[in-house]
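Computed over heavy atoms, backbone and side chain alike; hydrogens, waters and symmetry mates excluded. Residues: numbered from 1 along the sequence shown.
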Amino acid sequence: MRLGYPVILWFYSGMSEWVHRVLADRFPTIESAVSEIAALKAQLELPKGVIHVISDIHGEAKKLRHVINNASGRLRPLVEELFEDSLSDEEFREFLNVLYYPAEILQIKSEALDDDEEARYQWVLATLTRQFDLIRVMIRNRRRKTVKLMAPKQNRELFEVLLNYPAGGHAEVFLEVQLREMVKRRLGFPAIRNASRFIRNLTVEELVVAGDLGDRGPRLDRVVDYLLPIPNVSLIWGNHDVSWMGACLGQEALIALVLRISLRYRRLYQLEEGYGLLTKALEQLANTAYADDPAEHFISKRTGERDPLLIARMHKAVAVLQFKLEGQLVERHPEWEMDDRNLLKKIDFENGTVELKDGVFPMRDTHLPTIDPQDPNKLSEEEQQCIDRLKESFMTSPRLWHHMQWMAERGQMATVRDKAVIFHACLAVDDEGEYLPLTIDNKERRGPEQFEALNRVIKRAFRAGTRATEEDKDWFYYLWAGPKSPLFGKDRMATFETYFVADKSTHKEIKNPWFKWIHDFNFCDRICRQMGVEEGGIVVNGHVPVKVEAGESPLKDGGNAVTIDGAFSEAYGDRGFTLILGPEGEVLAEHHAFPDPIAAVREGEDLIPTRTMLREYERPRLVGDTEVGQGIREQIRVLEEMVEAYEFGDLREGQR
């Protein structure tokens, strides 16, 4: 929660007495309540916090770490300003590495200072002192109690001394003895690492990740591992996120999908090592049903240690399994109007052709040994055994469940931060820009109404866990590839055509008119107003990589929409964007490349992003100008009512 205590309480009409009694535990006297009111009113006058929005990480954990730890380029200028006259070039580079890559630089320093305890002490003291010089600057616009809560528990007393040193009244020996004892017991370097994390968490008030944490890139599990301990992360779901979430719940088509994408990009480590998922059943299926298959159209996009032909056969086996399960899914949901995706039933097995929307096309691969032409979507006995074992593995992986539950709890379909309306992809519209309806929980929803309805479906499914209904689990698939899905935005997912039809015209996926209308100022302004931003809103999406090399701009023609998918994934371009929502305006940071952490430390490399001011405010915005300010004013109102209750005797001081 971004505010200090449960704001939802403030909005219950007719329950003020109950709310006051609950709050009396925290503010048992008039003095304590008035002190909180004074602090909250002062907070309203501070500059609003800086929010960073990134999108489409796609498993690139190393790149994510670089972007977060260097604050998308915002940290270096602050360090330069603070230390430009006191650090040599070498010391400056080393200090930046302490902030960006603490694990790597501390490993190098550990080796260099291993036998010299006094040198270790002096380096730890100097480094921590610089870190806290920086921290003191960073917390000028934050309440001290918030800062204390963000400090790591194991170092809280030491950090309190460092934060107030030398003006805090402690004798110098008090700090020296603590540090020498920690250095002696090899705890000085962990304290530095914790201080770097503390700085990371202070750099931005909130990090909003606008979808697609995994797939294509190396390790979804490591992306989530890195985000999990960061206290101020919010998540907007993307279509790749819901595919993993649905697979975790046991949605069979999505289990096959997750495996297929991992095989296509040869990212099996995240399955086997990251989540302990067993792929042996799929390997057995490939070795029996596809033993003599060259699988030439299923060669993965990367090389690796395992036999590439085996990987290709596993890839083909799970692709066919996915198409069968998708066909069954489409038949279960005629209301989705996706019969054109029931593709195995459109194959003429005798002639080796398939009927698509645009005509009949020859298939370039007709070796489909597990398909019964009389009932194409029926799983063979071997396939049924395979999916049963895979499903059990997905549904019983503790680490996968922990990660997906975090994504479900921390995430939502859309959010508003100050003037930014953030969601992953789109809202389905017709050629005239009018919202297309989607029936969710037996009620037709249009436009932003769909976000809240789909939030309920996803949260409900994860509360139920393994007992989630099949209908709720099926929604995760629709969000992945449904033609009206706000996480997809195309008429179809042409996976089958890409594998089996040579004619590339059949591979084309037609984008929803949304992607034309997002260039229109009035269209985007309407969406912002419907999402609660009355004036000056901006629509923020990811999902579609911006083709910078082709001259495409992330800022749309109307000036009030921006796409921040900068091709973070190596497969799409090895770049990225961060949208920085600061007090002065909205800045886009473009990351051009990402260094290897070890090389960056050894070579002193710091790649500074290009920063572009998208919109500058007439005056710096304060906390009171934002939705956070609205919540604070509501807190003040209730606290003032409580003070009045104390004054008139309706509530006794010092009692609940």
(request) List the steps, then state whether side-chain contact (heavy atoms from CB on, under 4.5 Å) holds for Phe462 with Met404. (result) CA-CA 9 Å; Phe462 268 85; Met404 295 303 110; 3.9 Å; yes
(request) Let me see the working for Thr563 and Phe515 under side-chain contact (heavy atoms from CB on, under 4.5 Å), right down to the final yes or no. (result) CA-CA 10 Å; Thr563 298; Phe515 296 97; over 6 Å; no
(request) Check the pair Val258 / Leu271 against side-chain contact (heavy atoms from CB on, under 4.5 Å), numbers first and verdict last. (result) CA-CA 9 Å; Val258 164; Leu271 297 173; 4.1 Å; yes
(request) Start with the C-alpha distance between Leu213 and Leu235, add both sets of side-chain angles, then the distance that settles side-chain contact (heavy atoms from CB on, under 4.5 Å), and finish with yes or no. (result) CA-CA 9 Å; Leu213 272 61; Leu235 177 64; 3.3 Å; yes
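Judged purely by distance below 3.5 Å, without hydrogens or angles, the side chains of Glu335 and His333 pair a donor atom with an acceptor atom. A donor and an acceptor atom, one from each side chain of Thr578 and His591, are located under 3.5 Å apart. In summary, the side chains of His403 and Asp221 do not present any donor paired with an acceptor at a separation below 3.5 Å, with no hydrogens or angles considered.
Here Trp514 and Phe423 bring their ring centres to under 6.0 angstrom of each other. The ring of His315 has its center no closer than 6.0 angstrom to the ring center of Tyr290.
For the pair Arg460 and Asp441, the salt-bridge criterion is met [side-chain N within less than 4.0 Å of a carboxylate O]. A salt bridge does not link Arg446 with Glu449: none of the charged nitrogens is closer than 4.0 Å to a carboxylate oxygen. The residues Arg332 and Glu252 are annotated as not salt-bridged, no charged nitrogen and carboxylate oxygen being separated by less than 4.0 angstrom. Remark: Lys324 does not engage Asp372 in a salt bridge, criterion side-chain N to carboxylate O under 4.0 Å. Salt bridge annotation for Arg389-Glu392: absent, with no cationic side-chain nitrogen under 4.0 angstrom from a carboxylate oxygen. Under the 4.0 Å criterion applied to side-chain N and carboxylate O atoms, Asp225 and Arg399 are assigned as salt-bridge partners. Using a 4.0 Å cut-off between a side-chain N of Lys or Arg and a carboxylate O of Asp or Glu, Glu273 and Arg222 qualify as a salt bridge.
When all heavy atoms are compared, the tightest approach of Ser485 to Leu479 is OG-O, 2.8 Å. What you find for Val429 and Pro513 is that their closest heavy atoms are O-CD, 3.5 Å. Nearest approach of Glu383 to Thr370, heavy atoms of both residues: OE2-OG1, 2.8 Å. In plain terms, the two heavy atoms of Phe298 and Ala319 that are nearest each other are CE2-CB, 3.8 Å. Here the closest non-hydrogen pair linking Pro362 and Thr353 is CA-CG2, 4.1 Å. Of all non-hydrogen atoms in Pro483 and Trp336, the two that sit nearest each other are CG-O, 4.4 Å.
Between the side chain of Arg302 and the backbone N or O of Arg266 there is at least one donor-acceptor pair closer than 3.5 Å. Remark: the backbone N or O of Ala494 is paired with a side-chain donor or acceptor of Glu509 at under 3.5 angstrom. Listed for the Asp491 side chain is a donor-acceptor partner under 3.5 Å among the backbone atoms of Ile510. A donor-acceptor pair is defined here as one N or O able to donate and one able to accept, closer than 3.5 Å; such a pair exists between the side chain of Asp56 and the backbone of His543. For Asn232 (side chain) and Val204 (main-chain N/O), a donor-acceptor pair under 3.5 Å exists by modelled atom type. Asn69 places a side-chain N or O within 3.5 Å of a backbone atom of Tyr100 that can act as its donor or acceptor partner. Proximity of a side-chain donor or acceptor of Arg65 to a complementary backbone N or O of Tyr226 within less than 3.5 Å is not detected. Side-chain N or O atoms of Gln270 include one that pairs as donor or acceptor with a backbone N or O of Leu220 at under 3.5 Å.
Across Lys346, Lys357, Lys345, a single residue satisfies salt bridge (Lys or Arg N to Asp or Glu O under 4.0 Å) together with Asp339, and that is Lys346. When the options Asp348, Val354, Ile347 are evaluated for a side chain to side chain contact (heavy atoms under 4.5 Å, CB included) with Asn351, the one that passes is Asp348.
Note that OH of Tyr101 is 10.5 Å distant from NZ of Lys62, once rounded to the nearest 0.5 Å. If you take CG on Leu254 and CD on Glu326, they are separated by 8.5 Å, rounding to the nearest 0.5 Å. Once rounded to the nearest 0.5 Å, the distance linking CD1 of Ile261 with NE2 of His240 reads 5.5 Å. Taking NE2 of His402 as the start and OH of Tyr275 as the end, the distance is 9.5 Å to the nearest 0.5 Å. The CG atom of Leu228 sits 10.5 Å away from the CE atom of Met407 when rounded to the nearest 0.5 Å. The CG atom of Leu321 sits 12.0 Å away from atom CZ of Arg260, with the distance rounded to the nearest 0.5 Å.
In this structure, the salt bridge (charged side-chain N to carboxylate O under 4.0 Å, His left out) partners of Glu497, at least two apart in sequence or on a different chain, are Arg341, Arg492. Qualifying salt bridge (charged side-chain N to carboxylate O under 4.0 Å, His left out) partners for Asp375, counting only residues two or more places apart in sequence or in other chains: none. Scanning for salt bridge (charged side-chain N to carboxylate O under 4.0 Å, His left out) contacts around Glu272 gives Arg306, with sequence neighbours left out.
Under the 4.5 Å side-chain criterion, counting only non-hydrogen atoms from C-beta, Leu454 is in contact with Pro486. Asp241 places none of its side-chain heavy atoms less than 4.5 Å from the side chain of Leu487. Considering only heavy atoms from C-beta on, Ile564 stays 4.5 Å or farther from Pro554 through its side chain. The shortest side-chain heavy-atom distance between Leu325 and Leu379 falls under the 4.5 Å cut-off. Proximity of Asp212 to His58: side-chain heavy atoms (C-beta onward) are separated by under 4.5 Å at one or more points. You'll find the side chain of Lys280 reaches within 4.5 Å of the side chain of Glu283, heavy atoms only. Put simply, the side chain of Gln450 does not reach to within 4.5 Å of the side chain of Tyr435, judged on heavy atoms. When side chains are defined from C-beta on, Val540 does not count as touching Val208, because their heavy atoms never get closer than 4.5 Å.
Aromatic ring orientation, Phe394 versus Trp244: tilted (interplanar angle from 30° to 60°). By the 30° and 60° cut-offs, the orientation of the rings of Tyr478 relative to Trp475 is perpendicular.
Within 6.0 Å of the OH atom in Tyr269, the count of heavy atoms belonging to other residues, nucleotides or ligands does not exceed 12. In the displayed structure, Asp292 atom CG is contacted under 6.0 Å by at most 12 heavy atoms of other residues, nucleotides or ligands. Open room surrounds NZ on Lys508; 12 or fewer heavy atoms of other groups in view lie less than 6.0 Å from it. Other residues, nucleotides and ligands place no more than 12 heavy atoms under 6.0 Å from the NZ atom of Lys547.
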